[in-house]
Amino acid sequence: MSDQNAPSNDEIFMRRAIELAARAEADGEVPVGAVIVHEGRVIGEGWNRSITQHDATAHAEIMALRQAGQVLQNYRLLEATLYVTLEPCPMCAGAMVHSRIGKVVYGAQDPKTGAAGSIMNLLSYEQANHHVLIQSGVLEVECREQLQAFFRRRRAEKKAEKLARRAAEQATDQQDSDKQNRS
């Protein structure tokens, strides 16, 4: 008898991707994490590192694809599943097609750059030589909330910096005015 409340493998691997996204956030990166599973075992993990590595291609999915290729000693990742907290962008979707990944499971949709159905669907593009199965919405709420909390905090930090800058400018202006009045 199985426990119907037990998390599915999809949820287990997506939770790991969420942990990796938290690692990205701790590094000051947009919190996206990715895990690649082949025959039931994790063969690749990644989290966003574009800022820390000064590399526009260092998205979570790309980092995981690189590691998985090394583990299998093959860039073709047939029958592997990639779990990612945010819908892949066009660059990552293209890399997935090229790697022949079997399936992509993602959490939150990306309404600005999503290339797995939101804006476009490069993973199932008719003329492409490989099509990737797509499953969306796994732990969607948790994935979306992680991203939204990050951007809320980031906006608040930028607003606080702007206010602090204004206050410093006003203090400088006041000092200059006081000096002129004393002259």
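Positions are given from 1 along the sequence.
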> Going through the distances and angles, do Q67 and I43 end up as a side chain to side chain contact (heavy atoms under 4.5 Å, CB included)?
Replying inline: CA-CA 7 Å; Q67 186 180 52; I43 60 167; over 6 Å; no

> Can you check side chain to side chain contact (heavy atoms under 4.5 Å, CB included) on M96 and V104, steps first, answer last?
Replying inline: CA-CA 9 Å; M96 290 172 204; V104 172; 3.3 Å; yes

> Could you go step by step and tell me if V105 and T81 meet the side chain to side chain contact (heavy atoms under 4.5 Å, CB included) rule?
Replying inline: CA-CA 7 Å; V105 178; T81 300; 3.8 Å; yes

>> The test is side chain to side chain contact (heavy atoms under 4.5 Å, CB included); show your working for D55 and S50 and say whether it passes.
In response: CA-CA 5 Å; D55 180 357; S50 295; 5.8 Å; no

> Does the salt bridge (Lys or Arg N to Asp or Glu O under 4.0 Å) test come out yes or no for R100 and E79, once each step is laid out?
Replying inline: CA-CA 8 Å; R100 312 294 196 278; E79 300 177 22; over 6 Å; no

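Side-chain N or O atoms of H59 include none that pairs as donor or acceptor with a backbone N or O of C92 at under 3.5 Å. Here the side chain of N48 pairs a donor or acceptor atom with the backbone of V30 at under 3.5 angstrom. Checked by atom type and distance alone, the side chain of S124 never pairs as donor or acceptor with a backbone atom of N121 at under 3.5 Å. Proximity of a side-chain donor or acceptor of Q73 to a complementary backbone N or O of Q70 within less than 3.5 Å is detected.
A chain of hydrophobic side-chain contacts below 4.5 Å, direct or via other Ile, Leu, Val, Met, Phe, Trp or Tyr residues, connects L82 to L72. Placement of F13 and Y106 in two distinct hydrophobic clusters is found when ILVMFWY residues are connected by side-chain heavy-atom separations under 4.5 Å, directly or transitively. Transitive grouping of hydrophobic side chains (ILVMFWY, heavy atoms separated by less than 4.5 Å) keeps Y83 and I134 in distinct clusters. Cluster membership for L147 and I119, using ILVMFWY side-chain heavy atoms within less than 4.5 angstrom, is not shared. Residue V32 is not grouped with residue V138 when hydrophobic side chains (ILVMFWY) are merged at heavy-atom distances under 4.5 angstrom, including chains of intermediate members.
Going from atom OG1 of T85 over to atom CD1 of I18 covers 7.0 Å, rounded to the nearest 0.5 Å. The CG atom of L139 lies 11.0 Å from the CD atom of E145; values are rounded to the nearest 0.5 Å. The distance from the CG atom of L86 to the CG atom of D110 is 4.5 Å, given to the nearest 0.5 Å. Rounded to the nearest 0.5 angstrom, M91 CE and L122 CG are separated by 12.0 Å. Interatomic distance, H130 NE2 to L123 CG, rounded to the nearest 0.5 Å: 8.5 Å. Rounding to the nearest 0.5 angstrom, the gap separating the NZ atom in K112 from the OG atom in S118 is 12.5 Å.
You'll find the side chain of V71 reaches within 4.5 Å of the side chain of R41, heavy atoms only. A heavy-atom distance below 4.5 Å is not found between the side chains of H38 and L77.
Heavy-atom contacts from other residues, nucleotides or ligands closer than 6.0 Å to CD of Q127 number more than 12. By the 6.0 Å contact criterion, CZ on F150 is enclosed, its count of non-hydrogen atoms from other residues, nucleotides or ligands being greater than 12.
Using a 4.0 Å cut-off between charged side-chain N and carboxylate O, R23 and E19 make no salt bridge. At a threshold of 4.0 Å, the pair R16-E45 counts as salt-bridged, since one of the basic side-chain nitrogens sits closer than that to a carboxylate oxygen. Salt bridge annotation for E25-R153: present, with a cationic side-chain nitrogen under 4.0 angstrom from a carboxylate oxygen. A salt bridge is defined here as a Lys NZ or Arg NE, NH1 or NH2 lying under 4.0 Å from an Asp or Glu carboxylate O, and E142 with R15 meets this definition.
T113 approaches P90 most closely through the heavy-atom pair O-CD, 3.3 Å. Closest approach of G107 to C143, counting heavy atoms only: CA-SG, 3.8 Å. Across all their heavy atoms, M63 and G46 have their closest contact at CB-CA, 3.9 Å. Smallest separation of non-hydrogen atoms from H131 and A128: NE2-O, 3.6 Å. Closest of all the heavy-atom pairs between G33 and L20 is CA-CB, 4.0 Å. The two atoms that bring I62 and A95 nearest to each other are CD1-CB, 3.5 Å, heavy atoms only.
When only modelled atom types and interatomic distance are considered, D10 and S8 share no side-chain donor-acceptor pair under 3.5 Å. For R49 and T57, the side-chain atoms include no donor-acceptor pair closer than 3.5 Å. Side chains of S136 and E87: no donor on one and acceptor on the other come within 3.5 Å.
Classification of the H98-Y75 ring pair by plane angle, with boundaries at 30° and 60°, yields parallel.
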